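Because the structure is predicted, anything quoted here is derived from the model rather than measured. Residue numbering restarts at 1 for every chain, and letters A, B, ... go by the order of the sequence lines.
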Amino acid sequence: MGWVFIFILEGLHMDYNFKEIESKWQKYWDDKNFYKADEAGDKPKYYALEMFPYPSGRLHMGHVRNYSIGDVIARYKRMRGYNVLHPMGWDAFGLPAENAAIKNGIHPSTWTWNNIDNMRAQLKSLGISYDWDREVATCHPEYYRWTEWLFLQLYKKGLAYRKKSSVNWCPSCKTVLANEQVVDGKCERCGTVIRKKELEQWFFKITDYADKLLEGLDRLPGWPDKVKIMQRNWIGRSEGAEINFRTETGEEIKIFTTRPDTVFGVSYIVLAPEHPLVAKLVKGTEYEKTVNDYIYELQAMNEITRTSSETEKTGMFIGSYAVNPLNGERIPIWIANYVLMEYGTGAVMGVPAHDERDFAFAKKYDLPVKIVIRPEGENLTPETMTNAYTGDGIMVNSHGFDGMTSGEMLGKISNHIEEKGYGKKKVNYKLRDWLISRQRYWGAPIPIVYCDHCGAVPVPEEDLPVLLPENVAFTGKGESPLSECEPFVNTTCPKCGRPARRETDTMDTFMCSSWYFERYTDPRNEERPFDFDRAKYWLPVDQYVGGVEHAILHLMYARFFTKFLYDIGLAPVDEPFTNLLTQGMVLKDGIKMSKSKGNIVSPEEIVAKYGADTTRLFVLFAAPPERDLEWNDQGVEGCYRFLSRVYKQVSDMKDRYIQSGWDFDDLDDEDKRLRFKTHSTIKKVTSDMDGKFGFNTAISAIMELSNALNDYTASKREHANSGVVSELICNMLIMLAPFAPHMTEELWHDLGHKDSIHRQAWPGFDESALTRDETEVVIQVSGKVRGKLNVPSGADDETVKKLALENERIRSFINDKPIKNVIVIPGRLINIVV
RNA sequence: GCCGAAGUGGUGGAAUAGGCAGACGCGCUGGACUCAAAAUCCAGUAGGGCUCACACCCUGUGCGGGUUCGACUCCCGCCUUCGGCACCA
């Protein structure tokens, strides 16, 4: 069935032969290295970038959308006179390659490079204007050599370190994951429920950059608020105080609170069940067994239920008391499931009167409620409270602070605590250090050697790269393939020369993608990751385009890396991406396209059937870039029809087309109207392209222009003004060029132009063509539209008012009622209020 | 629960420093071309009323209020959908 349909389409549209046109120009651009970028010339630079893909083997519609958006931006900016860098590469390390190896026996390297070849060809078939000379692949030794080198720089600065801790383990991927890669307690990649495991792993101290990462967000007005908010929440900075309570046996318990103003209202303390003090305090007491049973019960629960806010709060008294340093009160020590060892100090103070969670907990376990903040003009009593009072008010029961507002109290209490030595001011973050070890083969090796005498020793920089060995067994069982590869593991210590073992974990692939946009500025540098001056020329990326799913992961890691590189003098900027566009998903039948749902539309098939220009046009026309896009086969055909129509329209005009020097001296009204349309379209499309990226409305404006030309020629026939028509066609093609680069290039040459349409300057509009003798204004009577009126352009308010009131139709609506007011909006509207 | 975005014809979506709601595309209906169909071209297409017809009138942007000469747009209170976070002390 399929081929019959294609045959019919082709048979009847020989005039617009996209197959021939597209392959012809793709070859031309490829041969000429047409979109090559260099640092020469005095044009201002523009760095347009789309997130590079994982080379899965095939592009999906999301890629097509992503790269079409980026390409339109790159092409538009070139036409606006910028020196544009628009590169592409491959985020080529990662698990699927290894899984393919296990399943099919293909080496991850072979699998990956084959996929890259496929996808590169697909990108070329879409006509995306990349500088292919700058292509990078993170799995290339000349790339990961510098990934390893960057690891060493972090190590030198103490930002890469090893520690044993409870980490996220995905039993299916057989590797650990960063916190950011765990979604709802499941592996972000495969959806398997993760387990906690105690392991010694490598971390990057991204937490050292928490404040810088937060501060930088304030300097990114070109980012969507949504993404900035997500990052802020993820970093989760909260200011408060760490207060030292002491048990009656003299043990210190540090608690963290953001509400030190309520410290006089503490009626109990809660430790995380894993808190090291718990075992110590219960040892040998009557509580030991019940407490241990409770902890055991909690540990048996899986991570999701354990940490869900839905799970009921439970806890128990552990038999000890602590003393509140501020008022000397004796308070019981509890443990509870809702207190997490990983955050703050793993211990909190319970203030039931002024914290919802504490209130619920206190009610459940019958703990005292002590009020220390009274809302102004109201009285609270513990007996009648049904909720915690979390607002501001006047301090009570707080010795030395009574009568103050809670705001004043908050300003003073932390200093007071510090002065008295009860504790200190403290800032806490939700952000954790970035775990980068992966127990997998297909990644950049961590350049560390373990020596029995010297400990962990970094591989000397001149010995980089630590190459991945080729001959490795992929069984899918046991540990990482590297750890079973003896020739790789066994080495000598760079320090003392004695036998040593290599680190067999590889780095998280997010590390590779955290600096690729910097490598693009100088992709073949063999001395350094990239040259400072070349990077200084191109960076920062002016426009970054990608899916919102990277709002936290990639975009935060890349910012962290850039800040680090900036701090050690390698990068010229500390924020890599000035403007960010997060594109929406491509949906089919209202849901995301996915293999499991069986609703995939293959870009290859669409391009084969309708051509790259149509495909690009559709994904840009069907929705604004940041919104989700509903796939619609008939919509694609609509775009195809439009391009065919333009092709025919322009081809029909070939003989009468005038390249330049159009004469507009002798125009009638119809000619003037068409010129008006040409120039108002230029104005509209230009404003849509600039900043807002309203590609859907830009395309619809070009469609309107084509329709206007159609109506004009239908009415004028052989009397059509060649100058006006030529001007329209010339500008229409240039404006359409970023969207449909092949067809416009073909037509451009058909019309006799010798240079490429993609080297043309973006048109400006002629203000004089936009001025008209008469303007249509709307007349309202009491806010309802009752008529329209042509008035001379630039007529003053009084004249317009007079004309409106004289209008026969309008008078019938006024109907002798007294006129209360007349509002005139020049050039637009008159409202007569009766 | 908290944070964020969005609700407009049959449909994807236009129009917001407050000023003609429904641009453009899809679909649908009618017509031209054709032996016929496909493709293409032309016309119509928010709903309702009235009319032989043109004209015209009323109602309409999730719901309920409000501000205003005038509200899809601003304010208050809801509802729904989608994303993100989720015991963070």
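Pair assignment for C33(B) gives none, since no Watson-Crick or G-U wobble pairing has each distance under 3.5 Å. Nucleotide A15(B) forms a pair with no other nucleotide shown, judged by Watson-Crick or G-U wobble geometry with both contacts under 3.5 Å. In a base pair of the Watson-Crick type (N1 to N3 plus N6-O4 or O6-N4) or a G-U wobble (N1-O2 and O6-N3), with each distance short of 3.5 Å, G44(B) is matched with C28(B). Across all strands shown, U68(B) remains unpaired; no Watson-Crick or G-U wobble contact has both distances below 3.5 Å. Across all strands shown, U80(B) forms a Watson-Crick or G-U wobble pair with A6(B), both key distances being under 3.5 Å. Remark: A53(B) base-pairs with no nucleotide; criterion is Watson-Crick or G-U wobble with both hydrogen-bond distances under 3.5 Å. Nucleotide A89(B) forms no Watson-Crick or G-U wobble pair with any nucleotide shown, as no partner meets the under 3.5 Å limit on both distances.
If you look at F359(A) and F361(A), their ring centroids are not closer than 6.0 Å. Taking the six-membered ring wherever Trp is involved, the centroid distance between the rings of W631(A) and F618(A) falls below 6.0 Å.
Only the C1' atoms considered, A55(B) is 22 Å distant from G60(B), to the nearest whole Å. Comparing A38(B) with A23(B), their P atoms are spaced 27 Å from each other, to the whole Å. Separating the C1' atom of G1(B) from that of G70(B) is a span of 41 Å, rounded to the nearest Å. A15(B) and C72(B): their P atoms are spaced 16 Å apart (whole Å). Across U8(B) and G22(B), the matching C1' atoms stand 8 Å from one another, rounded to whole Å. Comparing the C1' positions of A36(B) and C20(B) gives an interatomic distance of 46 Å, to the nearest angstrom. Taking atom P in both G49(B) and U68(B), the straight-line distance is 36 Å, to the nearest Å. Taking the C1' atoms as reference points, A21(B) lies 25 Å from C78(B), given to the whole Å.
G9(B) takes the syn form, because its glycosidic angle lies no more than 90° either side of 0.
Relative to the side chain of T257(A), the nucleotides G19(B), A89(B), G25(B) differ in distance, and A89(B) lies closest. Of all nucleotides listed (G13(B), G19(B), C88(B)), G19(B) comes nearest to the side chain of Q780(A). For K313(A), the side-chain atoms get nearest to C87(B) when compared with the rest of G25(B), A89(B), C87(B). Nearest to the side-chain atoms of R627(A) among the listed nucleotides G13(B), A23(B), C87(B) stands G13(B). When the nucleotides G19(B), A89(B), C20(B) are ranked by their closest atom to the side chain of V339(A), A89(B) comes out on top. Comparing C88(B), C26(B), A14(B) against the side chain of L340(A) picks out C88(B) as the nearest. Nearest to the side chain of E776(A), among C20(B), A23(B), C3(B), sits C20(B). Proximity note for R641(A) (side chain, C-beta onward) versus C24(B), A89(B), G27(B): the nearest is G27(B). When distances run from any side-chain atom of Q634(A) to the nucleotides C24(B), A89(B), C26(B), the shortest one goes to C26(B). The side chain of N710(A) lies closest to C41(B), out of G25(B), C88(B), C41(B).
The nearest heavy atom of RNA chain B to P624(A) and to E704(A) marks one nucleotide each, and the one closer to the 5' end goes with P624(A). Judged by closest nucleotide on RNA chain B, M703(A) is the one of N821(A) and M703(A) placed further toward the 5' end.
Taking 4.0 angstrom as the limit, S644(A) places none of its side-chain polar atoms (N or O) nearer than this to OP1 or OP2 of U40(B). An OP1 or OP2 oxygen of A39(B) is reached within less than 4.0 angstrom by no side-chain nitrogen or oxygen of R645(A). Remark: N696(A) is not in phosphate contact with C24(B), judged by side-chain N or O atoms under 4.0 Å from OP1 or OP2. Dashed line: the shortest gap from a side-chain N or O of N233(A) to OP1 or OP2 of C88(B) is not under 4.0 Å. Side-chain nitrogen and oxygen atoms of R786(A) include at least one within less than 4.0 Å of the OP1 or OP2 phosphate oxygen of C57(B).
Within a 6.0 Å sphere centred on NZ of K802(A), other residues, nucleotides and ligands contribute 12 heavy atoms or fewer. Heavy-atom neighbours of E312(A) CD from other residues, nucleotides or ligands within 6.0 Å: at or below the threshold of 12.
Within 4.0 Å of D358(A), counting heavy atoms only, lies no atom of the nucleic acid at all. Among the atoms of the strands shown, only primed sugar atoms or phosphate atoms (P, OP1, OP2) are found under 4.0 Å from some heavy atom of I229(A).
Salt bridge annotation for R259(A)-D355(A): absent, with no cationic side-chain nitrogen under 4.0 angstrom from a carboxylate oxygen.
With hydrogens and angles left out, the side-chain atoms of D613(A) and Y640(A) include no donor and acceptor closer than 3.5 Å. Using modelled atom types, one finds no donor on one side chain facing an acceptor on the other under 3.5 Å when comparing R627(A) with Q583(A).
Checked by atom type and distance alone, the side chain of R432(A) never pairs as donor or acceptor with a backbone atom of E180(A) at under 3.5 Å.
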